[in-house]
Amino acid sequence: MEQYAIWGGNPLVGEVEIGGAKNAALPILAASLLTDDTVLIDNLPDIRDINVLLAAMKSIGVVVERLGRHQVKINAAHIYTTAIEGEGIRKMRASYYFLGALLGKYKSASVGLPGGCEIGTRAIDQHIKGFKALGAKVRLEHGMIITEAIDLTGAHIFLDVVSVGATINLMMAAVLAEGLTVIENVAKEPHVVDVANFLNSMGANIKGAGTDVIRIRGVKSLHGSEYTVIPDQIEAGTFMMAAAITKGDVTVKNIIPKHLECISAKLKEIGCEVQDSDDAVRVVASRVLHGTQVKTMPYPGFPTDMQPQISVTLGLAEGTSIVRESIFENRFRYLEELGKMGANVTIEGNVAILEGVKKYEGASISATDLRAGAALVLAALAAEGFSTVDHIHYIERGYEDFPEKLNGLGGHIKRVTNAEELKRARLKVV
Ligand code: EPZ
């Protein structure tokens, strides 16, 4: 019984430090397998998904040395198998990054079919199409994806959908391939650029990351590197939204404001004040917020990973808001939970219509996936009274010290593991 026990109603005020980006760090760790030299990665978030990925790397012979909570040294010179299995890794989506990295280096990889948050079909046909274009054979056997090649040769690949995972996976598979690979209609997310920068820091020749077309000229081998992961756009956005929903004043530090423009723009539109500085952004919500329309889009559009956080905020904004989810088809499940807190929501296919209510009320709710879980915690912090959020393992996949950081801003949230702790939290006994 692991839950967050939350007393709501306090505006969140103060400063919070943002950690390294989960969705950059995961592929960067996998990409470190592409060299026999030692790689040092800094600003690694200390979250469950990262720790599961590191354990999977150890299980195939990678030497993983944790130098501190956020720093790790990796040496993959003595990998003894290219098959990655195990319960933990099967539950996470990012396991597919081992396919690109191991195929690129050893021309062979076999990984359990990827799991991850249940937010939609989450196909990997574009990854497979790209591997095949580079000359690999791909087959499914006993729940494993197996890919092998004699040689990998550069190719022209046009992605049918803009996919973060396929873009990164194909970059990793192509860096050591013979000749030029051109990938069109690629994802432009900051984490895609970060992985390309990391690979280039190891001696790869990748151009165009951050645009629609990436060109990769294959090199013979990659060397060691020391690299710092970019700040997490979505963790930052979540705390920006925490200021808005609780009518607070939060300065989010250690971020890249450019990556947050789509979120800042929406917050301004609904009535927040947003001030950028070099590596921080301050969100002040002192006025009445009003509703708006949001459509999730690949970067630089509004991120699907911020859709639940803005929806819970809009549920308290004056008037009608319309939220259209255009990336994943099953990302509104949390709205039923929000309904238990008093939200007025109608779902029509991939559109949520929110009629703003004056307040949420404390309730017992369940996290339905990572970002939805974080959004429901924000709703509980804004709500009147006491809430519990369970299935917090989802939240812990991607947020480091989430309760501690929220409490640092004046929130009242406690992680409880048994009935006695829950009782004490409800009575506000420390
Ligand atoms: C990554 O997932 C992130 N995960 C997700 O983060 C994020 O929501 C998503 O990108 C979009 O930004 C990781 O980085 C580990 P996609 P990914 O491939 O790579 C379709 C979080 O909360 N598609 O960009 O799985 C797919 O079904 C999470 O941190 C295909 O059709 O996303 C979806 O509709 C959850 N075929 C769309 O493309 C493919 O081969 C975008 O998916 C690949 C994708």
Side-chain angles (χ1 to χ4, degrees), residues 15-35 37-58 62-76 92 94 97 101 164 168 171-172 189-202 204 206 209-210 222-240 250-260 263 276-281 299 303 305-306 370-371 374 395-402 404-406 408:
E15 296 182 347
V16 61
E17 288 277 340
I18 298 307
K22 165 178 91 77
N23 291 344
L26 291 166
I28 283 174
L29 290 176
S32 66
L33 306 188
L34 282 156
T35 176
D37 292 349
T38 298
V39 167
L40 187 98
I41 312 291
D42 207 349
N43 203 30
L44 201 66
D46 186 11
I47 52 175
R48 197 168 288 177
D49 271 11
I50 292 289
N51 295 324
V52 170
L53 202 88
L54 287 171
M57 287 165 66
K58 279 189 193 165
V62 179
V63 179
V64 174
E65 195 186 335
R66 208 76 189 227
L67 300 180
R69 196 171 175 203
H70 300 126
Q71 210 180 41
V72 71
K73 221 180 193 182
I74 288 163
N75 186 285
M92 74 188 287
Y97 287 132
V164 169
I168 294 178
M171 281 196 303
M172 295 196 289
E189 269 68 4
H191 31 291
V192 172
V193 178
D194 206 37
V195 179
N197 287 342
F198 171 61
L199 288 164
N200 283 341
S201 79
M202 294 200 293
I206 302 175
L222 298 181
H223 53 71
S225 167
E226 291 186 6
Y227 196 78
T228 302
V229 176
I230 51 164
D232 197 306
Q233 177 203 26
I234 306 301
E235 188 195 9
T238 303
F239 281 98
M240 290 166 75
V250 174
T251 301
V252 179
K253 295 172 73 176
N254 181 34
I255 49 109
I256 299 175
K258 175 89 195 140
H259 296 166
L260 300 168
I263 300 162
D276 285 353
S277 57
D278 274 359
D279 65 350
V281 59
Y299 190 82
D305 291 349
M306 282 299 300
L370 164 59
R371 306 303 171 185
I395 302 171
E396 292 173 349
R397 294 179 72 144
Y399 288 88
E400 178 180 313
D401 296 343
F402 199 42
E404 291 78 3
K405 288 186 182 183
L406 290 165

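Small disclaimer: the values here were computed from a predicted structure and weren't measured.
Taken from OG1 in T35 to CG in L222, the straight-line distance is 6.0 Å, to the nearest 0.5 Å.
Listed by chain and number, the residues in a salt bridge (Lys or Arg N to Asp or Glu O under 4.0 Å) with E65 amount to none (sequence neighbours excluded). Listed by chain and number, the residues in a side chain to side chain donor-acceptor pair (under 3.5 Å) with T38 are N75 (sequence neighbours excluded). Evaluation of the side chain to side chain donor-acceptor pair (under 3.5 Å) rule for T238 yields Q309, Y399 as partners, not counting sequence neighbours. Scanning for salt bridge (Lys or Arg N to Asp or Glu O under 4.0 Å) contacts around E235 gives K405, with sequence neighbours left out.
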- [ ] Assess whether side-chain hydrogen bond (donor to acceptor under 3.5 Å, both in side chains) is satisfied between N51 and R397, documenting all intermediate values.
- [x] CA-CA 9 Å; N51 295 324; R397 294 179 72 144; over 6 Å; no
Open item on the list: Let's go through L40 and Q71 carefully: what are the C-alpha distance in whole Å and the side-chain angles of both, what is the deciding distance for side chain to side chain contact (heavy atoms under 4.5 Å, CB included) to 0.1 Å, and is it a yes or a no?
Closed with: CA-CA 7 Å; L40 187 98; Q71 210 180 41; 4.0 Å; yes
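A pairwise comparison of heavy atoms in A94 and L53 identifies O-CD1, 4.3 Å as the closest pair. In terms of heavy atoms, E396 sits closest to I47 at O-CB, 3.9 Å. In plain terms, the two heavy atoms of E189 and Y299 that are nearest each other are OE2-N, 3.0 Å.
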Anything under 3.5 Å between a donor and an acceptor, one on a side chain of residues 15-32, the other on a protein residue two or more places apart or in another chain? List them.
residue : atom : partner : partner atom : Å
E15     : OE1  : K253    : NZ           : 3.2
S32     : OG   : L29     : O            : 2.5

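Remark: the backbone N or O of P190 is not paired with any side-chain donor or acceptor of D194 at under 3.5 angstrom. Here the side chain of D37 pairs no donor or acceptor atom with the backbone of H223 at under 3.5 angstrom.
Contacts classified as salt bridge (charged side-chain N to carboxylate O under 4.0 Å, His left out) and involving residues 67-76 (residues at least two apart or in different chains) are given here: D46-R69, R69-E400, R69-D401.
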